Amino acid sequence: MNHSYPFSEFEPRWQGHWISSRAFHARNPEEVDFDPKKKKRYILDMFPYPSGDGLHVGHLVGYTATDILSRYYRMRGENVLHPMGWDAFGLPAEQYAIKTGQHPRVTTEQNINNFRRQLQTLGFSYDWEREVNTTDPDYFRWTQWIFLQLYHAWVNPASNKVEPISTYHGDDVDAVRLAYISEMPVNWCPALGTVLANEEVVDGKSDVGGFPVERRPMRQWMFRITALADRLIEDLEKVAWPESIKQLQRNWIGRSEGAEVIFTIKENPSQKITVFTTRVDTLYGTTYLVLAPEHPLLDQLQLSPAIKENLKTYREGCSTKKDLERTDLAKTKTGIPLGVEAINPINGETLPIWVADYVLMHYGTGAVMAVPAHDERDYEFAQQFQLPLRVVIEADSELALPFSLTEGKAINSPLVNGLAAAEAKAIIIKWLEAHGWGRGVMQYKLRDWLFSRQRYWGEPFPIVWEEGKHRALSLEELPVRPPEMEDFRPTGTAEPPLAKAKEWVRYSENATRELNTMPQWAGSCWYYLRFCDPHNRQHFIGKEAEAYWQNVDLYVGGTEHAVLHLLYARFWHKALFDLGCLTTVEPFQRLVNQGMILGSDGQKMSKSRGNVVNPSEVIKQYGADAVRLFEMFMGPLEHSKPWSTTGVEGIYRFLARIWRLAMKEQGPGEWSLSENVTETPLTSAQQKTVHATIKKVTKDIEALSFNTAIAQMMIFVNEFTSAKLCPLEALQILLQLLSPFAPHLAEELWSSLAEKFPSLKTVAVLASQAPWPIWQEEYLCFEEVTYAVQVNGKVRTRLTLPSTASKEAVEKAALAEPALLSHLENKKIEKVIIVPGRLVNIVAS
RNA sequence: GCCGGUGUGGCGAAAUGGCAGACGCAAGGGACUUAAAAUCCCUUUUCGCGAAAGCGGAGUGUGGGUUCGAGUCCCGCCACCGGCACCA
């Protein structure tokens, strides 16, 4: 193939050179050539799952952006940590293994090698000496170690901090552990043969694969993430993340402030119903209570035989209903009356009790006080069954029921009449607490994190079971490796595949190993820590390395991890911080989400649509630099945008123009330095272009506005292409600015130029190690500036004046402008506004 | 329904409250060439007047507002994208 410049020759050459010369190795504090004067900067990509499909152009957006930043900050003299690794445990490898009979370790290794090779063909400046792999025993030893730290910890309510379990003095340690066993209804996916976290179930189907998921009670490992819910919300204030992601996390945690109210059963005062409400100010408006069909009290209430029978049928109907049907908003509400009554503590009124599936067992207390006048759902239900309603908020105008004003005054509520919601709430809560009928509480949508999976290809738990009780292994016994197995298919029962490894399971005479494995999140919860000190044999991260590198200055990845990965990692980080293992409160200081790359048809890339772009093929045709540059030139980093082959060609032409600024073709494919490159001084116009470009590129890189930085370099190149001679100084600066974006081309031209002009060698041997150029503001001003002259905000003419002209002089010159005569005819000039150096606006009427 | 985001040429996009459309793609025209590729040059928001240089009007989803001046700020509406969704 005939290329416009010989990238296929020099790109691999420089990639090899960078690695062999350790050009991008970041020094840790304890290393010999560590420079304490350098500022540290930790720039991190979300590490990939090395799938069999290989790298995707979508991966490259974020990776290129962080590579540009890393290279830029290195040129600015900073110590940049920019690592890469593999999130390699997980379901796809296991399922592929089941299909082909190949061990997941083998396919994982192949995929990793392929990913690494592909990344290297893009010239990314990762410090490959720090590569980590979550499936490496030297890595997951520490994943297991961290699990044990959390197992041996609890949240002390007094300090609201994670503390070693030794500070707990109660008598049921297992009831407070941060990692605990729970026998709970979980999301069981028969097709995958595993349970899933709530977060991994979407619309009643598995997030991976879309298989049906059912609820069934199972013994599982859980993390008490809810204990840190408040801090996970509050500390979002401390990080520079997109507001949308913060909001997503807040919504997910779903804190709501309200109160619990205790209602007594009239027929049997020893039985109580506790409800949760955020509108306790409307307590007087309650006209009935509703229990969720799963509510345990239903089994204890004394009901008439007919109702009992009715209830049984109703509850069965609910339990077989799929989640989807039950949560269908369009359907009319169902429910049955129980024929028993409860007493409203605030006024002693008796209220009928109902069961209805619009009340969810897993939120609040599984029971609600219905205020149909001021709650849409209660209203709908009350209409359906002709239940009474009582208005307890005064509406100024004729508001249709139900309405839920918080600023309206309370009425029909003796204790709080005339008060707005906030005050009324406070008074009623106080009253409830004083009389023992309730209290103010916080509720969260977030539930504890289900942490075990019935899989083979994941980290085993460092736990054994003895006489029905769990016990932690000692730290010396880590890592616990998965057993060698031929057959790791799901057992078809709830038992995990590890149960088949009989020898491995038997830990001792009377102890057996935990059969569950950890979910894929485990390894990704802390990899950013290991990168700081990847070869440490004594600790998961060394104290000095931790103090130096933490936390991550910039974290770039897709929005798909907005909730789960980021929330889980923050949770581990906070726990480890509380336990004294870390010095920062939050793991990721700044977060940026890159947009998706769509197919050229504007649709999401997918095999079935046939619009997937293979980066290797584009590299083959246009080179790595062109791919990198195009990915950045397409538009703002955060935007989704469609791929365009002709767009790559445009960038490729731009790079070829740079090449020809310095090189001349002697014969087909034979290039040598162009004699147009000389040490001539820059004209003042060129001087301005050069320095304006330095300024723009510098500021744009720091603002992550790579597309406009590239546009400015294009302006630069266009200008020098049309000049007869190419001054060395201009070319050198261009190569320095270009180096983070198109490092191979910059490196190649730099070394070619350095042969003829040794002055370059004194600046740096490699372009990627040259210092970042500094612009001089004084070159940016011209002696003359052009003013736009407006009449009433419309541009009518332009005016070139000395840049030193005073406001008065500018005004005088503008008013004297003949082109304005027709626009000022018969008008009175009221005001003249002057923006120095830019614009004059004459206001006339 | 609620929360968040985005609306600018044929397309990707630029514009500290100050000349809308930089830069690139696509399209059209031209130069070079026996020819093509490559390269280089020109045109390209839209409407009206003009042979032309040019002149004038409109224009950043939509309707208002603030301002000497609004793509940018404020209020209402519409469309699309993402998230949550009977969360009491």
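Numbered from 1 within each chain, the chains take letters A, B, ... in sequence-line order. Small disclaimer: the values here were computed from a predicted structure and weren't measured. FYI, side chains are in, hydrogens and waters are out, and symmetry mates aren't considered; it's all heavy atoms of this structure.
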#### Entry: A/Leu283 vs A/Met369 side-chain heavy atoms within contact, under 4.5 Å
yes
### Query
With sequence neighbours excluded, what pairs up with A/Arg796 under the salt bridge (Lys or Arg N to Asp or Glu O under 4.0 Å) test?
none
### Message
Does B/A88 have OP1 or OP2 under 4.0 Å away from a side-chain N or O of A/Lys445?
### Response
no
### Shortest non-hydrogen contact between A/Val368 and A/Val275, atoms and distance
C-CG1, 3.6 Å
### Query
Taking the P atom of each, how far is B/G17 from B/U72, in whole Å?
11 Å
### Task
For the pair A/Tyr622 and A/Ser8, evaluate side-chain contact (heavy atoms from CB on, under 4.5 Å) and give the outcome as yes or no after the intermediate values.
CA-CA 9 Å; A/Tyr622 302 104; A/Ser8 57; over 6 Å; no
### Task
Name the orientation of the base relative to the sugar in B/G9: syn if the glycosidic angle is within 90° of 0, else anti.
syn
### Task
Show your reasoning for whether side-chain contact (heavy atoms from CB on, under 4.5 Å) applies to A/Leu60 and A/Arg628.
CA-CA 8 Å; A/Leu60 302 182; A/Arg628 294 171 56 113; over 6 Å; no
### Query
Can you find a pair of side-chain heavy atoms, one from A/Leu734 and one from A/Ile658, that are under 4.5 Å apart?
yes
### Task
Please name all residues satisfying salt bridge (Lys or Arg N to Asp or Glu O under 4.0 Å) with A/Glu237, sequence neighbours left out, ordered by chain then number.
A/Arg250
### Task
Stems involving RNA chain B: give each as a range paired with a range, ordered by first number, where a stem means at least three consecutive Watson-Crick or G-U wobble pairs under 3.5 Å.
B:1-7 with B:78-84, B:10-12 with B:23-25, B:27-31 with B:39-43, B:45-49 with B:54-58, B:61-65 with B:73-77
### Message
Between A/Glu294 and A/Arg315 (salt bridge meaning N to carboxylate O under 4.0 Å), is one present in this structure?
### Response
no
### Message
By nearest atom, which of the nucleotides B/G57, B/C68, B/A13 is closest to the A/Pro636 side chain?
### Response
B/A13
### Query
Contact class for A/Ser722 (heavy atom, under 4.0 Å): base, sugar-phosphate, or nothing?
nothing
Between the protein and nucleotides 4-12 of chain B, which nitrogen or oxygen pairs are less than 3.5 angstrom apart?
residue : atom : partner  : partner atom : Å
B/G12   : O2'  : A/Met634 : O            : 2.3

### Query
Taking only N and O in the side chain of A/Arg838, is any of them less than 4.0 Å away from OP1 or OP2 of B/G69?
no
Dump the pairs, protein N or O against N or O of nucleotides 35-40 of chain B, anything under 3.5 Å, distances to one decimal.
residue : atom : partner  : partner atom : Å
B/U39   : O3'  : A/Arg660 : NH2          : 3.2

### Task
Considering only atom C1', compute the distance from B/C55 to B/C77 and round it to an integer number of Å.
38 Å
### C1' atoms of B/U67 and B/G83, separation to the nearest Å
37 Å
### Message
I'd like the C1' distance from B/G63 over to B/G7, given in whole Å.
### Response
16 Å
#### Entry: Near-strand residues of residues 706-716 of chain A, defined as heavy-atom separation under 4.0 angstrom from RNA chain B
A/Asn707, A/Thr708, A/Ala711, A/Met714, A/Ile715
### Message
Just so I know, are the side chains of A/Phe654 and A/Phe633 near enough to count as touching, which here means a heavy-atom distance under 4.5 Å?
### Response
no
### Query
Is the A/Phe381 to A/Tyr288 ring centre distance short of 6.0 Å?
yes
### Query
Side-chain contact, heavy-atom cut-off 4.5 Å: A/Tyr314 with A/Pro293?
yes
### Task
For A/His823, report the nucleic acid contact type (base, sugar-phosphate, nothing); a contact means any heavy atom under 4.0 Å.
sugar-phosphate
### Query
Can you tell me how far C1' in B/U45 sits from the matching atom in B/A52, rounded to whole Å?
22 Å
